[in-house]
Asker: 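Sharing a structure here in structure tokens format.
Numbers here are sequence positions counted from 1.
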Amino acid sequence: MKEPQPTSRDSIPAVLVMTTPTDKREEEADRAAEMTSLLDTAKRSLVGRLLQHCERPIGATYIGSGKMEELAKLVKERGADEVWFDCCLSPKQQNNLEEAVQRPVFDYEWLILEIFAINARTEEARLAVELARSEYLKGRLRRLWTHLDRQRAGGGPGGSGFLTGTGEKQIEMDRRDVRQRIQVLKDKLDAIAGRRERMVAGRADCFKVALVGYTNAGKSTLMNALTNAGVLAEDRLFATLDTRTARLHLERHSHVVISDTVGFIRDLPPKLIASFHATLAEVREADLLIHVVDSSAHAMEQQIAAVEEVLTTITADKVPAIVAFNKADRVYSKALVGSFRKRYRHAVSVSALTGLGLTELKEAISQAIDRRQSRLTVRFSAADGALGAFIRSRARIESELYEGDDAILTILADEHLTAELRDHPKLVVAASVAVG
């Protein structure tokens, strides 16, 4: 398989092949719109579309022979330079398709990898994308040298009909190089993961909130609206691949941080999830998730399901969550949003763009923190001003009294502070009752 040519200012003309299962025809229009948007993000201009209704791959070309002929004709008529499928293809299928249409053929997985490569800005994101791309290409190296193998097996000078010529030797060399590069990338990402773990550990005294959601649901805009963090927010797919963390100021709670994370999409490639393991740790280790939903999207229900599937894959599905139905100023279906709000116990409608519902969202976050708190009665020396200041900076004081030289405070504290106070040598926890 040839890699896509470097993109320039001009888009590359491409034909899209849609392989919609018969029982999902109602999702066809939304899927086609999403694929068109993805191709546009990857700097490909759609010049033609071919539809194949199939329950499973047909033979070694995924689509039927009749559709294959139709595709070859469409590519030639429209002057397409590339063909893209909305599904994942095996190396053999790609090879057979390319022979039939005489154009490079790419699948859905490579399209997502291409877009991530375009949008990667930090070292971590670039390394993660390169690792995923290397893992993807590792199983396709043989096809890059098929022409040499055929020359060798075709009866040329010294030809024996076996794949033991230049191409085979080069394949082994390439495999070795790719394996070595993959290991180098993994080592670099492991080092970054170690630094990230130390950063997360340094926020152990904070309540950690993570924004998750389908790509282009408005997570970054919401992040900016809540914190003025200045995160890049653009109306395009996967505009943000890098995690950004900022303080979230709430009336009743201090020491709250919120992180914007990479967006999800249907059928997110497993190789990509594995490569972004360190970045997604922000999601797994959060105390609370804000699942941002694009309520203006026709395919809102499918997008919610896709995000929940990824959360399950990365073992973050047990983290408490608030569902924020964003873009409330241009809802696609109020009835659909209403039914989903009934389904999710903690849900709010917001507009990150206009500010609608942000106060309600902050209150929902505060209530989630309240549910994780305990009411403690603590006793310590009233002369220990540093300890008193520490407790007051981290906890909500409900009552305060003095007995002799001791100060006795009744406070509300989260689980992190509660653990610290229980282990403090100069303090006695006289009582502890869970609030939530």
Asker: For the atom pair CD1 (Ile314) and CG (Leu280), what is the distance rounded to the nearest 0.5 Å?
Answerer: 4.5 Å
Asker: Find the distance between CG (Leu288) and CG (Leu248) and round it off to the nearest 0.5 Å.
Answerer: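 Leu288 atom CG to Leu248 atom CG measures 10.0 Å (nearest 0.5 Å).
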Asker: Give a yes or no on whether a salt bridge exists between Arg133 and Glu114, defined as a side-chain N under 4.0 angstrom from a carboxylate O.
Answerer: yes
Asker: May I ask you to decide if Ala42's main-chain N or O and Arg44's side chain share a donor-acceptor pair within less than 3.5 Å?
Answerer: yes
Asker: Where the side chain of Asn326 meets the backbone of Ala217, is there a donor-acceptor pair that is under 3.5 Å apart?
Answerer: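 Side chain of Asn326 to backbone of Ala217: a pair is present.
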Asker: May I ask you to say whether Arg396 pairs ionically with Asp370, meaning some side-chain N is under 4.0 Å from a carboxylate O?
Answerer: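 A salt bridge is present here (some side-chain N lies under 4.0 Å from a carboxylate O).
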Asker: Under 6.0 Å from the ring centre and within 45 degrees of the ring axis: does the NZ or CZ of Arg140 meet both conditions for the six-membered ring of Tyr136?
Answerer: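 Positive - Arg140 is close enough to the ring of Tyr136 and near enough to its axis.
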Asker: Taking the six-membered ring of Phe340, is NZ or CZ of Arg345 closer than 6.0 Å to its centre and within 45° of its axis?
Answerer: no
Asker: Give a yes or no on this: more than 12 heavy atoms of other residues, nucleotides or ligands lie within 6.0 Å of atom CD of Glu123.
Answerer: no
Asker: State plainly whether the residues Arg266 and Glu309 are in salt-bridge range, i.e. N to O under 4.0 Å.
Answerer: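 Between Glu309 and Arg266 there is no salt bridge, as every charged N stays at least 4.0 Å from the carboxylate O atoms.
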Asker: Roughly how far, to the nearest 0.5 Å, is CG of Leu46 from CG of Leu39?
Answerer: 6.0 Å
Asker: Would you call the rings of Trp84 and Phe106 parallel, tilted or perpendicular if under 30° counts as parallel and over 60° as perpendicular?
Answerer: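 Taking Phe106 first and then Trp84, their aromatic rings sit tilted (interplane angle of 30° to 60°).
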Asker: Using modelled atom types only, decide if a donor and an acceptor are shared between the side chain of Asp81 and the backbone of Pro13 within a distance under 3.5 Å.
Answerer: no
Asker: Roughly how far apart are Ile273 CD1 and Phe264 CZ, rounded to 0.5 Å?
Answerer: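 Nearest 0.5 Å value for the CD1-CZ distance: 8.0 Å.
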